[in-house]
Amino acid sequence: MPELPEVEILLRHLRPLIQGERIRSVEVRRTKVLTPTSPRQFRRVLVGAKIVGITRRGKYLLFKLCPKRGHPPVTLLGHLGMTGRMFLARTGDRLPKHTAVVLGLRRGKFIYQDTRYFGRLTLDISAVAKLGPEPLSADFDGAGFTQALKRSRQAIKVKLLDQTLVAGIGNIYASEALFRARISPRLLAGRLNAAQVRRLRRAIRAVLAEAVACGSTVPMNLGGNRKNDGFFHFGHSAGTTDFYEERLRVYDREGEPCWKCGAPIKRIVQAARSTFFCPICQRAN
DNA sequence: CACCATGTTCCTTG
DNA sequence: CCAAGGAACATGGT
C-alpha cells in the first residue's frame with residue numbers, strides 16, 4: 001500500500017484519467033472516511049465540481065476541485081491509510097467489497113475502496129499543514145534535518161515515521177533507508193553524527209526515488225478488482241511476483257541473508273511496529 | 001484461536 | 001507546552 005512512492009505512482013496513474021473530469025454523482029457508502037466532513041457537505045461541494053488537478057504531499061493526494069461557477073476552488077484530500085485503493089472502473093462494473101466512496105464521472109466511475117477504513121477522502125485539509133518537508137524536494141535540506149534530529153530522543157527508526165520530520169516515509173521505507181545508510185535502527189536520533197545524518201538524508205532520497213522509478217516501469221494492474229492487484233501488494237505470496245518486493249532489501253526478510261554481507265536479517269519491534277535490519281551492516285556503534 | 005499487517009490520531013504520562 | 005508511549009480504529013491473511 002501506500003507510502004510516498006506508492007502514492008506518487010497512483011497520482012501519475014490517476015492524473016490523466018480524471019483531470020478535467022466533472023463529478024456528476026457522489027455515493028458515500030462509509031461516512032467514516034469523510035470525517036470530519038459531513039456527507040451532506042461532501043455531496044454539496046463535490047456534485048457538479050470539476051477536477052482540475054491532482055498533486056501529492058507526503059502520503060496525501062490533493063484533488064483540486066472547481067465547483068459550479070463563481071465559487072472558489074476547494075481541495076479534496078485523500079489518504080489511503082493502510083489498505084486504501086483508488087481506481088477507475090467502468091460504469092457497469094459492480095463495486096468491490098469495502099467500497100467507501102464512488103464518484104460518478106462522464107464515463108466510468110472513480111472508486112475509493114478501503115478494507116480497513118483507516119484512510120480518508122475529506123474536505124478537511126488541516127493534516128497537510130503539519131507535514132515536514134517533501135523528501136524529494138529542495139526543502140528537505142541538511143540543516144533542517146540535522147536540527148530536527150538533534151532534539152529527539154527517540155530511536156531513529158521511530159523518528160523517521162514522524163511525518164513532521166520529513167513527509168512520506170512509512171514502516172517499509174524507514175527500514176530500507178536505514179539499511180542503505182548503514183545505521184542501526186536503535187540508534188537515538190539525537191546521537192547521529194554529521195556523516196550519518198548526511199548518509200541518511202541521501203539514503204532516504206535514493207530509496208524513495210528508486211521506488212518511484214521502479215514503480216513507474218512496472219506494468220501495473222490498478223484495476224482494483226483482482227486479488228493480487230497492483231503494486232500495493234507487499235509480502236511474499238507466490239506467483240505473480242512483481243519485482244517490487246524483490247527491490248526491498250530488508251523489509252519482511254527476517255532470517256534471509258543480507259544482500260550485502262550474508263548475515264541473517266533481524267526483526268525487532270519498536271513502538272509496536274516491526275523493524276528489519278542487518279545486525280552486521282547496521283551496527284549500533 | 002492467536003498473531004500480524006503498508007497509518008494516523010487521540011489520550012495519557014512524564 | 002512539549003516529547004514520547006500506547007491504545008484505538010476495522011478487517012483479513014496466515
Side-chain angles (χ1 to χ4, degrees), chain A residues 1-10 29-36 56-61 77-86 96-100 112-122 124-132 147-177 186 188-191 207-208 211-212 214-215 220 222 224 226-239 242 244-245 247-255 267-276:
Chain A
M1 120 126 119
E3 298 183 28
L4 183 150
E6 291 75 33
V7 179
E8 176 67 24
I9 297 300
L10 175 62
R29 318 184 98 223
R30 191 80 164 210
T31 59
K32 182 197 184 231
V33 303
L34 309 186
T35 310
R56 178 191 58 74
R57 181 77 171 85
K59 303 172 192 173
Y60 293 92
L61 285 177
L77 175 145
H79 193 285
L80 298 171
M82 298 261 280
T83 52
R85 290 170 166 177
M86 294 178 182
K97 200 172 180 183
H98 304 304
T99 295
Y112 164 42
Q113 181 253 114
D114 190 343
T115 304
R116 292 166 74 178
Y117 304 106
F118 284 0
R120 287 287 182 278
L121 191 62
T122 177
D124 172 26
I125 60 167
S126 58
V128 172
K130 301 169 193 160
L131 295 175
Q147 278 308 308
L149 290 177
K150 200 168 277 179
R151 296 189 316 259
S152 170
R153 263 173 280 185
Q154 284 179 300
I156 185 61
K157 153 61 165 49
V158 178
K159 190 65 186 168
L160 286 178
L161 300 178
D162 177 354
Q163 302 298 298
T164 69
L165 175 72
V166 52
I169 299 173
N171 204 41
I172 292 173
Y173 294 107
S175 283
E176 294 297 318
R186 296 194 255 228
L188 269 4
R191 290 283 184 81
V207 157
L208 296 178
V212 171
C214 181
M220 297 168 293
L222 293 167
R226 259 180 268 177
K227 171 150 198 187
N228 221 1
D229 177 42
F231 52 99
F232 292 146
H233 178 73
F234 292 77
H236 295 261
S237 59
D242 9 326
Y244 190 71
E245 51 189 63
R247 250 188 339 87
L248 303 177
R249 305 279 198 231
V250 290
Y251 183 80
D252 204 17
R253 290 186 179 281
E254 180 179 20
R267 170 185 181 268
I268 59 175
V269 173
Q270 297 179 287
R273 323 225 24 211
S274 290
T275 299
F276 299 88

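Every chain is numbered from 1 and lettered A, B, ... according to where its sequence line falls, protein lines coming before strand lines.
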Could you state the atom-to-atom distance from [atom1] of [X] to [atom2] of [N] in whole Å?
X         : N       : atom1 : atom2 : answer
Leu160(A) : dA4(C)  : CG    : P     : 13 Å
Leu4(A)   : dG7(B)  : CG    : P     : 12 Å
Leu80(A)  : dA10(C) : CG    : P     : 18 Å
Leu165(A) : dA3(C)  : CG    : P     : 12 Å
Leu34(A)  : dC9(C)  : CG    : P     : 19 Å
Tyr173(A) : dG7(B)  : OH    : C1'   : 15 Å
Arg85(A)  : dG7(B)  : CZ    : C1'   : 17 Å
Met82(A)  : dA5(B)  : CE    : C1'   : 5 Å

Contact class for Lys97(A) (heavy atom, under 4.0 Å): base, sugar-phosphate, or nothing?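 Since only primed, P, OP1 and OP2 atoms lie under 4.0 Å of Lys97(A), the category is sugar-phosphate.
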May I ask you to evaluate whether [X] reaches the phosphate of [N], defined as a side-chain N or O under 4.0 Å from OP1 or OP2?
X         : N       : result
Thr83(A)  : dT11(C) : no
Lys159(A) : dA3(C)  : no
Ser274(A) : dC4(B)  : no
Gln163(A) : dG7(B)  : no
Arg273(A) : dG5(C)  : no
Lys59(A)  : dG7(B)  : yes
His79(A)  : dT8(B)  : yes

Between Leu248(A) and Phe276(A), is any pair of side-chain heavy atoms under 4.5 Å apart?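 No, their side chains stay 4.5 Å or more apart.
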Do any N or O atoms from the side chain of [X] and from the backbone of [Y] form a donor-acceptor pair under 3.5 angstrom?
X         : Y         : answer
Glu3(A)   : Lys59(A)  : no
Gln163(A) : Gly168(A) : yes
Gln270(A) : Val158(A) : no

What nucleotide among [options] has an atom nearest to a side-chain atom of [X]?
X         : options                  : answer
Tyr251(A) : dT11(C), dA5(B), dA4(C)  : dA5(B)
Glu3(A)   : dG7(B), dA5(B), dG12(C)  : dG7(B)
Arg116(A) : dA4(C), dC4(B), dT11(C)  : dT11(C)
Arg153(A) : dT9(B), dA5(B), dA4(C)   : dA4(C)
Lys32(A)  : dT11(C), dC9(C), dG12(C) : dC9(C)

Calculate, to the nearest 0.5 Å, the distance between atoms CZ and CZ belonging to Arg153(A) and Arg191(A) respectively.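 Separation between the atoms: 10.5 Å.
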Determine, answering yes or no, if Phe118(A) is stacked on dG7(B) under the 5.5 Å centre rule and the 30° plane rule.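 Here Phe118(A) meets both the 5.5 Å and the 30° conditions.
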Partner nucleotide of dA10(C) by Watson-Crick or wobble geometry (both distances under 3.5 Å):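 Its partner: none found.
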Which residue in the set Leu121(A), Val128(A), Asp124(A) passes side-chain contact (heavy atoms from CB on, under 4.5 Å) when paired with Leu77(A)?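 Passing option: Val128(A).
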Roughly how far apart, to the nearest Å, are dT8(B) and dG13(C) at atom C1'?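 Those two atoms are separated by 23 Å.
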